[in-house]
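Just below is one structure, and these are the notes that go with it.
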Amino acid sequence: MVLITLEGIDGSGKSSLIFALRELLADLDPVFTREPGATWVGEQVRRAIAERADPVTEALLFAADHAAHIRTVIRPALDQGRLVISDRYTDSRYAYQTATLEGVVPDPLAWLKAVHDGWTIPPDRTVLLLLPVTEALQRKAGSQKNEHFEEASLLERVQANYLRLARDEPERFLLVDAGRPEKEVHFLVAAAIREWCGLLRSHRRRYGHPPLPPQGDR
Ligand code: TYD
């Protein structure tokens, strides 16, 4: 019944963080999941990314993947009282597609929020890994993938968008300096998730709803 999301630009260290959290939080038996790609729709998203579909098609496919993700993974796990940790979630759309839809629709963030309105499940807490774009791209340099999202100018805008989202909801976001020693980052995030779980669970038991932030339809 606790939904934690992990966000950050490409190369910010989410993959190694998740790898570490699997061990550090094993006793909490979390459901680890991800966007895109936790459902069959994810395959279409990967195809759209590879074929450089137009930004509207791409955004709607990411949103479709999110809908299928909620129905098949997120909601069932939350209904069972599980801790869910998602590698990317709605904020990825709000950060990346706000950049790619710039000049395509009049107000990309409002458009994206309207697309999600009424059916998405807002995260309880979000970890945002922050790293200068040049460093993030250096980290990515060794990897095989080279998606069109991994361009410095786009990632600068994406990171700025993430920071804006965090500023709008400071109580939901934990900002983490991903340039710190890796182990430190992993332990810090694991400790924060433990604390949130205790806080959110006891508050829900007592009042039937979480303390912060205001929640949607759980
Ligand atoms: P992913 O495979 O998770 O990449 P990474 O392992 O680097 O996080 O995601 C592929 C790309 O899709 C990544 O560059 C971020 C982007 N993305 C969006 O643009 N919008 C979204 O809603 C999501 C979930 C991902």
Side-chain angles (χ1 to χ4, degrees), residues 3-22 32-74 84-102 104-105 108-109 111-117 119-123 126-131 133-162 164-165 176 178 185 189:
L3 174 59
I4 308 289
T5 61
L6 308 179
E7 297 281 356
I9 56 171
D10 302 70
S12 58
K14 281 187 300 88
S15 303
S16 70
L17 172 61
I18 285 164
F19 190 77
L21 291 180
R22 282 182 190 278
F32 285 96
T33 185
R34 59 171 299 147
E35 289 188 11
T39 73
W40 65 269
V41 188
E43 290 160 32
Q44 310 309 315
V45 177
R46 299 244 168 247
R47 192 168 158 193
I49 297 173
E51 295 187 10
R52 290 189 171 234
D54 72 279
V56 173
T57 302
E58 198 172 71
L60 291 174
L61 279 171
F62 275 121
D65 182 54
H66 180 61
H69 189 206
I70 285 192
R71 195 175 70 85
T72 58
V73 180
I74 303 279
V84 181
I85 300 178
S86 186
D87 175 3
R88 298 197 180 281
Y89 198 71
T90 31
D91 295 304
S92 279
R93 242 115 39 238
Y94 297 164
Y96 282 79
Q97 274 60 56
T98 299
T100 58
L101 289 170
E102 189 77 57
V104 178
V105 297
L109 184 59
W111 188 88
L112 287 161
K113 287 199 165 167
V115 167
H116 288 76
D117 199 24
W119 56 268
T120 190
I121 297 178
T126 299
V127 175
L128 175 56
L129 296 181
L130 292 168
L131 196 68
V133 168
T134 44
E135 263 180 66
L137 285 175
Q138 269 164 19
R139 285 188 184 183
K140 279 251 120 179
S143 85
Q144 303 243 316
K145 275 198 313 184
N146 195 11
E147 286 152 353
H148 67 93
F149 297 110
E150 297 167 14
E151 286 163 11
S153 61
L154 179 73
L155 290 183
E156 293 286 1
R157 282 151 65 211
V158 170
Q159 185 139 268
N161 291 339
Y162 269 131
R164 211 163 296 132
L165 293 167
V176 177
V185 171
V189 173

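The figures that follow rest on heavy atoms only: side chains count, while hydrogens, waters and symmetry mates do not. Counting convention: from 1, in listed order, for ligands and their atoms alike.
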key: Part of R88 with heavy atoms under 4.0 Å of ligand 1, whether side chain, backbone, both or neither   = side chain
query = Side chain, backbone, both or neither: which part of K140 comes within less than 4.0 Å of ligand 1 when only heavy atoms are counted?
reply = side chain
query = Looking only at side chains, do D10 and Y96 share a donor and an acceptor under 3.5 Å apart?
reply = yes
key: From F62, F149, Y89 - option closest to atom 25 (C) of ligand 1 by heavy atom   = F62
task = Indicate, as side chain, backbone, both or neither, the part of Q97 found under 4.0 angstrom from ligand 1 when only non-hydrogen atoms are considered.
result = side chain
request  = Would you kindly specify which portion of E150 sits under 4.0 Å from ligand 1, judged on non-hydrogen atoms: side chain, backbone, both or neither?
outcome  = neither
key: Numbered atoms and elements of ligand 1 in range of R93, under 4.0 angstrom, heavy atoms   = 21 (C), 22 (O), 24 (C)
ask   = Should the ring pair H116 and W119 be called parallel, tilted or perpendicular, given that the plane angle runs from 0 to 90° and is split at 30 and 60?
value = parallel
inquiry  = Could you check whether any side-chain N or O of D65 sits under 3.5 Å from a backbone N or O of G42, counting only pairs where one atom can act as donor and the other as acceptor?
reply    = yes
query = Sub-3.5 Å donor-acceptor pair from the side chain of R88 to the main-chain atoms of G8, do we have one?
reply = yes
task = Identify whether the distance between the nearest side-chain nitrogen and carboxylate oxygen of E35 and R93 falls below 4.0 Å.
result = yes
task = Ignoring hydrogens and angles, state whether a donor on the side chain of H66 or T120 is under 3.5 Å from an acceptor on the partner side chain.
result = yes
message = Using modelled atom types and a 3.5 Å cut-off, is there a donor and acceptor pairing between side-chain atoms of D54 and backbone atoms of T57?
response = yes
message = Residue-level breakdown please: for K14 versus ligand 1, do any non-hydrogen atoms fall below 4.0 Å on the side chain, on the backbone, on both, or on neither?
response = side chain
request  = Can you sort out which atoms of ligand 1 are near E35, meaning under 4.0 Å from one of its heavy atoms?
outcome  = 3 (O), 24 (C)
message = Please check: side-chain N/O of D87 versus main-chain N/O of R34, any donor-acceptor pairing under 3.5 Å?
response = no
Heavy-atom gap R34 to ligand 1 smaller than 4.0 Å = yes
request  = Could you tell me whether some N/O pair between D10 and ligand 1 is separated by less than 3.5 angstrom?
outcome  = yes
query = Is there at least one pair of N or O atoms, one from Y96 and one from ligand 1, spaced under 3.5 Å apart?
reply = no
message = With a cutoff of 4.0 Å, is R46 in contact with ligand 1, counting heavy atoms of the residue only?
response = yes
request  = Tell me which part of H69 gets within contact of ligand 1: side chain, backbone, both or neither, using heavy atoms under 4.0 Å.
outcome  = neither
request  = Check whether the side chains of Y162 and E7 place a donor and an acceptor atom closer than 3.5 Å, and report yes or no.
outcome  = yes
